[in-house]
Each structure stands twice: as structure tokens, then as C-alpha cells.
Protein chains: 2
Amino acid sequence: MAGVQEAKRLETGRRVLEAAVSLMQEEGLKALQIRTIAAKAGYSVGSVYKHYPDVDALIIAVNSLTLDQIRQRMVEAIREPGSPLDRLKILARSYLHFAVEQPNLWRGLFDHHLPGNTSIPEEHRTQNVKLLDLIGQEIAALNPQLGSEMLSVRSRTCFAAVHGMVTFSMEGRFIGLKSDQLEQELDFLVERLALEAR
Amino acid sequence: MAGVQEAKRLETGRRVLEAAVSLMQEEGLKALQIRTIAAKAGYSVGSVYKHYPDVDALIIAVNSLTLDQIRQRMVEAIREPGSPLDRLKILARSYLHFAVEQPNLWRGLFDHHLPGNTSIPEEHRTQNVKLLDLIGQEIAALNPQLGSEMLSVRSRTCFAAVHGMVTFSMEGRFIGLKSDQLEQELDFLVERLALEAR
DNA sequence: TTGAAAATTGAACAATGTTCATTTTTAATT
DNA sequence: AATTAAAAATGAACATTGTTCAATTTTCAA
């Protein structure tokens, strides 16, 4: 019966994370509570703590998967060829669409903050960079004169601007803005920002 | 002794809100706890509940004052005359500066969410519109051809983009971006978005 | 078969939001 | 001035949640 222990450990960890993900997706960040997770996974509270030091670590793990999903969606969105500008618009829309279709996952990613003045986890930062690279590719094609340093800065600016639009939209800070009008504004934003520098 | 009761009531309410504001400012949203607030204000927990139905209401009251402060800062920033584009840049910078100088107040405003899928409070939405109007004035001067509907939409796009930059910057999602480089990117953003439409 | 290591449990504790019966203070009436 | 009702204030008590840890059950190797 060698290997049963490890199999059990892996299985438990998997189920706990699975329960946490589906809770985040269906009920949102506030529902990610140890007892709820443990019950959903079919274990006791103590077992959850054997796999994650605290709830924050579990939330971070869920959010890592969300970042993966976002990246996957964006990569799939630009699978087909097109002009760099069109691809940038598609990237922006796919980011918006993820937020609209998975509001709880999306909100959980940005609503969660580590206690104290701790910055976002290193793991997330790496995944952020991978998202920025997707944008960077297209901006580079449109602006061949940009140095690598400037390219990275510009990618972040562009992503941040799109993120701001999505945030305001999700928070209801844009009242009475039709969804296609929102997409038009996204297009406007991308067009203006990606414009070749004079 | 007529009027003593009302004076006491007003005084208590004032002290409770005052304590909440200074806690938000000094310790952040997480420190806004009933017992902490009550202790700081010099009352019991029950008294706090006589003035606010729950913590959420108190947080909203604090955030309303924060929105007022932000508006005040922005209004002061464009007191002196200048070109509409310069004034837009100054507005964006003053928004960033508020966030940098009062990180706890700024974060508290956007980190707080009502339970359930409730949207932001009506009170905040009105104050948001007042901020957007500040931007709208300048965008209108730069784009006289824009109708009032489009002007409002464009103001929101511009504000959302700036907000996204500030958000990413505050969350540390922009690593190693010098503060003056950040301001340069804000300028870039504003220039591109405020550009007269063809 | 047996004993140590690993996995799992769930009771217990601390912190926090909320309620409410009780006490204290104020205002009006007699 | 005494009395009484209303308002203000209190803080004990309860529910919920994160976290810990001693006790129990399961696995594995000797």
C-alpha cells in the first residue's frame, strides 16, 4: 500500500483548492471561509490548515488560478491573425469579457489585500508580467521605435487604463452605459494609447 | 436646560465620525472596528449603533468625506488659469497625489464593498459625478464638437483610465516605476485621450 | 504484529459585529 | 421641588469567523 499517504495528501489538497475555487466563483470572496471550504471539500477545518497556513494563502492560490484563466482567455482571443491594433482591442475586450462573465473571480482577484502594507504576492506579480507581455508584443509591432524599457512602461500604462475602465464598469461607477458603448470606449482608449508616437 | 439632549446627540455623532476618520487615515479600513471606534471616540459600542445602523454605514460616511477631500484637492489644483490640456494633467496629478499622500483614505474608498451584489451607494455616485464634471469642463473646451452625452462618456473613460494607473501604482503592480516616470505616463495618457477628435 | 509517522478531527480560544435589557441623564409636568 | 416619561448611554451576551492543538485514526515499515 505504499504511496497511499502521498496520494491522500495530494487528493485532499486538490479538493480543498477545488472547493475554494468554486466558492469564489459562485459566492465571491466573502464566502471563502475556512468552515465553508472544509465542509464543501468534505474535510475538517484542521485539514485545511495542513495544506494552507491561513485563508490568505488559500485566496492567493485561487487568485493565481484566476490569473491563469485570464491569460488563457487573452491568448485564445488573439489566436487568429490580425493587425496589431485589432489584436490590442481584442485583448482589451477579452479582459472585459472575463470580468463580466466571472465577476466573482475577477473581483476576488482585486478585492483581496494582504494584511498590513504588504504588496501583492510575488507569484501574482510574475503572472502580471506575463499578461503585460501579451500587450507588449502588439505595442512593439505598432511602435518599433520604442526601447524595451519604454515598451514595458507603455504596456503597463495601457493595461492599467483598460483595467480602470473595467473596474469602474464593474463597480457600477458608470451608470447607464450600454455594454456596446463601453466596448466602443475601450476601442477608443486602445486606439489612442497605441497610436504610433510622432 | 432645553437643547442639551440634541447637543449631546450631535456631539456624540460628531465624535464617532471623527474617530472613524482618523482611524481610517492612520490605520486603514481594517482598523475601522466598532470597539476601536467606540474607544477612540470615548463611548460604548451601543452608542455607535445609535448613530449608525452598522459598520458599513460608518465606512460609507467616512468615504463620503474622502470623496469631498478629493474633490477639494482637484478644485484647488486648477484654481489658476491654464490651457485645458494642462488643467487636465493637473487634475490627474492631483488625484494621484491624494492617493499617495493619503493611501489609507484612498484605499478605504475603493476597498470597501457592500455585502451582496449591492452597487456603490447613491451618495457616492453623486459625488463621483461631481468629480467627472471637473474633467468634463476641460474636455469640453478641448472638444467643442462633443455632444453632452458623449462628453460625459468620454469624461468617465478618461477618469477611469487615470484611476487604473493610480490603482496599479498603489497596489505595487507597477514595479520599479519611478514616481516622475509615473507622472510622465499620466501626462501621456491624458494627452492622448484628450486629443481633439479628428 | 507493532510502533512511529502522517493525516485527520473537532473542541476550544480570541476577535469582531450586533442586539438589547438595564442604567443614567434630560425634559416636561404637577 | 418632586415625579415621571423619553432620550442617551452602557456593557454583558450571543453569533460568526480565523486559528490552534491535543487527541484520534490511518498508513507504513520493520
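As the structure is a prediction and not an experimental result, all values here were calculated from the model. In what follows, chains carry the letters A, B, and so on, assigned in the order in which the sequence lines appear, proteins first and then strands, with residues in each chain numbered from 1.
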Engineer: Using atom NE2 of H51(B) as one end and atom P of dT18(C) as the other, report the distance to the nearest whole Å.
Structural biologist: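 About 16 Å, once rounded to whole Å.
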Engineer: Between V48(B) and V45(A), who's closer to the 5' end of DNA chain D by nearest nucleotide?
Structural biologist: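 With V48(B) and V45(A) compared, the 5'-side residue is V48(B).
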Engineer: Less than 4.0 angstrom from a charged side-chain N to a carboxylate O is my criterion; do E11(A) and R14(A) meet it?
Structural biologist: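 R14(A) and E11(A): salt-bridged.
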Engineer: Reckon Y43(B) touches a base, only the sugar-phosphate, or nothing at all at heavy-atom distances under 4.0 Å?
Structural biologist: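 Touches sugar-phosphate only.
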Engineer: Which whole-number value in Å describes the distance from L29(B) CG to dT16(C) C1'?
Structural biologist: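 Interatomic distance, CG of L29(B) to C1' of dT16(C): 14 Å.
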Engineer: In this structure, how many angstroms lie between the C1' atom of dT16(D) and the NZ atom of K30(A), rounded?
Structural biologist: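 Checked: the NZ to C1' distance equals 14 Å.
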Engineer: Between E27(A) and K40(A), is there a side-chain N and carboxylate O pair less than 4.0 Å apart?
Structural biologist: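 Judged by the 4.0 Å cut-off on N to carboxylate O distance, E27(A) and K40(A) do not form a salt bridge.
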Engineer: Select base, sugar-phosphate, or nothing to describe what I37(B) touches, counting heavy atoms under 4.0 Å on all strands.
Structural biologist: nothing
Engineer: I want to verify a distance call: between dA9(D), dT19(D), dT8(C), whose nearest atom is closest to the I34(A) side chain?
Structural biologist: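 The answer is dT19(D).
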Engineer: Nearest whole angstrom, please: distance from the P of dT19(D) to the CG of L32(A).
Structural biologist: 13 Å
Engineer: To the nearest angstrom, how far is H112(B) atom NE2 from dG17(C) atom P?
Structural biologist: 11 Å
Engineer: Round to a whole Å and report the spacing from OH of Y49(B) to C1' of dG11(D).
Structural biologist: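 Atom OH in Y49(B) sits about 13 Å away from atom C1' in dG11(D).
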Engineer: Does the distance from a Lys or Arg side-chain N to an Asp or Glu carboxylate O, for E122(A) and R125(A), drop under 4.0 Å?
Structural biologist: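 Salt bridge flag = yes for R125(A) with E122(A).
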Engineer: Name the closest nucleotide to the R9(A) side chain, picking from dG18(D), dG10(C), dA7(C).
Structural biologist: dA7(C)
Engineer: Taking only N and O in the side chain of S47(A), is any of them less than 4.0 Å away from OP1 or OP2 of dT9(C)?
Structural biologist: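 Yes.
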Engineer: If I take atom CD in residue E11(B) and atom P in nucleotide dT26(C), what distance separates them, rounded to the nearest angstrom?
Structural biologist: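 To the nearest whole Å, that distance equals 13 Å.
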Engineer: Identify, between P53(A) and Q33(A), the residue whose nearest nucleotide on DNA chain D lies closer to the 5' end.
Structural biologist: Q33(A)
Engineer: Contact between I60(A) and L114(A) at the side-chain level, heavy atoms closer than 4.5 Å - yes or no?
Structural biologist: yes
Engineer: Taking OP1 and OP2 of dT17(D), is either one under 4.0 Å from a side-chain nitrogen or oxygen of R35(A)?
Structural biologist: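 Checking dT17(D) against R35(A), no side-chain N or O comes under 4.0 Å of OP1 or OP2.
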Engineer: At under 4.0 Å, does any side-chain N or O of T12(A) touch on OP1 or OP2 of dA7(C)?
Structural biologist: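 No, T12(A) has no side-chain N/O under 4.0 Å of OP1/OP2 on dA7(C).
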Engineer: I want to check something: taking the side chain as every heavy atom from C-beta on, are H163(A) and T167(A) in contact at a cut-off of under 4.5 Å?
Structural biologist: yes
Engineer: Rounded to the Å, how far apart are E27(B) CD and dT16(C) P?
Structural biologist: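 That distance rounds to 12 Å.
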